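So the structure is just underneath, and the comments pick up after that.
The structure presented is a predicted model; accordingly, all values stated were derived computationally and were not measured.
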Amino acid sequence: GMVPVAHGNDGGGSIRIPASCNGLVGLKPSRGRTSLGPRWGQLTAILNCELVLARSVRDVAGALDALSTPFPGDTVIAPAPARPFADEVGADLGQLRIGILTENALGTGEVHADCVAAAEDTGRLLESLGHHVEPGHPVAFAHPEVLVSTDWVAAHLNDPSIRIIESNEDTLLYASGHIPGSVNVDWTADLNDQLRRDYITREGFEALMSRIGATKDTTVVFYGDKNNWWACYAFWVFQLFGHTRAHVMDGGRLKWQKEG
């Protein structure tokens with residue numbers, strides 16, 4: 001590499017995956033640790049973050065110290081560390097309890113054997129360093145009841161109690177074709193407040209529900225591009241405002257298109 005650190009951002013692994021493939025150090029910081037201001041607000045910060053890729057843990061820690069500064073308008077700010085992150089490099093961690101997940105908790109597909117082997121090798125390395133390692137993961141990772149199939153959606157297209165919602169990263173996709181009867185929710189314009197870097201207000205959410213023809217008794221089903229990435233943002237915002245009659249179509253827009 002030409003420089004000791006390089007900028008990266010991460011939603012689903014865009015810092016960590018390149019780092020692991022290239023012998024670098026990549027860290028996804030906690031929500032609110034680094035700011036997304038002035039452009040992005042808290043809807044994006046549910047998953048996305050900004051930091052760096054580097055050649056050493058020391059350099060990542062130094063970058064995190066330099067970048068852990070709130071931006072005016074941030075609504076989520078992580079608590080200040082007890083001491084600089086750089087001082088944590090080489091510090092005694094004590095024994096950590098670490099969970100290893102090597103299966104698809106949703107049951108929607110198999111995990112490749114190479115990925116399982118890499119996770120298990122990492123677990124053995126951590127055990128050799130004195131940590132306690134066991135199979136396990138937070139139960140919040142797995143809610144298969146949220147998913148519905150494309151066949152289920154096709155069978156309920158004319159059900160007046162159900163509203164199908166498309167929400168994409170590419171906000172032009174809906175106009176090029178969509179599930180019959182579905183409505184579009186633009187994650188940038190409909191779910192983000194246009195004046196504050198924050199979610200829409202409750203009044204804004206109620207206006208959105210009225211526009212898409214949904215009530216508190218309506219079951220909403222989300223789907224979209226990029227493996228339902230932004231559709232799941234929309235799903236989360238509906239949960240935020242207490243609308244729990246919500247599902248996500250397994251496979252998203254691409255699976256629906258492939259099945260014709």
Side-chain angles (χ1 to χ4, degrees), residues 1-71 73-81 83-91 93 96 98-102 104-106 109 111-112 114-123 125-126 129 131 133 137-138 140-141 168-170 187-188 192 197 224-233 236 252:
M2 297 175 63
V3 294
V5 298
H7 168 253
N9 48 39
D10 195 318
S14 296
I15 286 177
R16 294 160 290 166
I17 295 172
S20 68
C21 291
N22 291 280
L24 300 174
V25 179
L27 171 70
K28 179 176 182 178
S30 300
R31 184 181 178 197
R33 179 61 65 197
T34 59
S35 178
L36 294 180
R39 183 178 183 187
W40 300 114
Q42 292 310 314
L43 181 57
T44 308
I46 297 171
L47 197 59
N48 292 345
C49 68
E50 303 282 345
L51 197 59
V52 298
L53 292 86
R55 302 184 200 176
S56 69
V57 174
R58 180 202 63 185
D59 287 347
V60 170
L64 190 57
D65 281 327
L67 297 172
S68 295
T69 302
F71 191 87
D74 286 351
T75 56
V76 176
I77 300 173
R83 58 180 178 173
F85 293 109
D87 290 351
E88 301 292 348
V89 179
L93 296 177
L96 300 179
I98 299 169
I100 297 289
L101 177 61
T102 57
N104 181 345
L106 291 176
V111 179
H112 194 281
D114 290 349
C115 298
V116 173
E120 291 175 344
D121 285 347
T122 301
L125 173 61
L126 291 167
L129 296 173
H131 302 299
V133 179
H137 64 278
F141 281 5
N168 301 308
E169 179 186 30
D170 183 348
W187 73 278
T188 57
N192 284 284
R197 290 190 301 109
D225 65 350
K226 301 291 180 67
N227 298 313
N228 283 327
W229 193 345
W230 270 255
C232 288
Y233 272 133
W236 188 88

**Item:** Short side-chain to backbone donor-acceptor contact, Asp74 and Ser35, under 3.5 Å
**Value:** no
**Request:** Report yes or no: does Ser20 contribute a side-chain atom to a donor-acceptor pair with the main-chain N or O of Ile17 at less than 3.5 Å?
**Result:** yes
**Asked** Is there a donor-acceptor pair closer than 3.5 Å between any side-chain N or O of Thr34 and the backbone N or O of Leu67?
**Response** no
**Asked** Which atoms form the tightest heavy-atom contact between Ser56 and Val25, and what is the distance?
**Response** C-CG2, 3.7 Å
**Item:** Atom CZ of Arg58 with >12 non-hydrogen neighbours under 6.0 angstrom
**Value:** no
**Asked** Can you tell me how far NE2 of His7 sits from CD1 of Ile15, rounded to the nearest 0.5 angstrom?
**Response** 7.0 Å
**Prompt:** How many angstroms lie between CD1 in Ile77 and OG1 in Thr69, if you round to the nearest 0.5 Å?
**Reply:** 10.5 Å
**Message:** Rounded to the nearest 0.5 Å, what separates atom CG in Asp59 from atom CG in Leu24?
**Reply:** 11.0 Å
**Item:** Test log, rule side-chain contact (heavy atoms from CB on, under 4.5 Å), inputs His131 and Leu126
**Value:** CA-CA 6 Å; His131 302 299; Leu126 291 167; 4.3 Å; yes
**Message:** Nearest 0.5 angstrom please: Phe71 CZ to Leu36 CG, how far?
**Reply:** 11.0 Å
**Asked** Among all residues two or more places apart in sequence or in another chain, which pass the side-chain hydrogen bond (donor to acceptor under 3.5 Å, both in side chains) test with Arg33?
**Response** none
**Request:** Output the distance between atom NE2 (His137) and atom OG1 (Thr102), rounded to the nearest 0.5 Å.
**Result:** 10.5 Å
**Request:** Measure from the side-chain N and O atoms of Asp10 to the backbone N and O of Cys49, and report whether any donor-acceptor pair falls under 3.5 Å.
**Result:** no
**Request:** Determine, using ring centers only, whether Trp236 and Tyr233 are less than 6.0 Å apart.
**Result:** no
**Request:** Taking all heavy atoms of Lys28 and all of Gly11, pick out the closest pair and write down the distance.
**Result:** NZ-O, 2.9 Å
**Message:** For the backbone of Gly252 and the side chain of Asn227, can you confirm whether one donor and one acceptor N or O come within less than 3.5 Å of each other?
**Reply:** no
**Asked** What are the two closest non-hydrogen atoms of Val133 and Gly123, and how far apart are they?
**Response** CG2-O, 3.6 Å
**Nearest heavy-atom neighbours spanning Ala19 and Leu53** = N-CD2, 3.8 Å
**Prompt:** Which atom names give the shortest non-hydrogen contact between Asn104 and Val111, and what distance separates them?
**Reply:** N-CG2, 3.5 Å
**Request:** Give a yes or no answer on whether the side chain of Asn168 reaches the backbone of Asp225 with a donor-acceptor pair at less than 3.5 Å.
**Result:** yes
**Item:** Test side-chain contact (heavy atoms from CB on, under 4.5 Å) applied to Asn48 and Asn9, step by step
**Value:** CA-CA 7 Å; Asn48 292 345; Asn9 48 39; over 6 Å; no
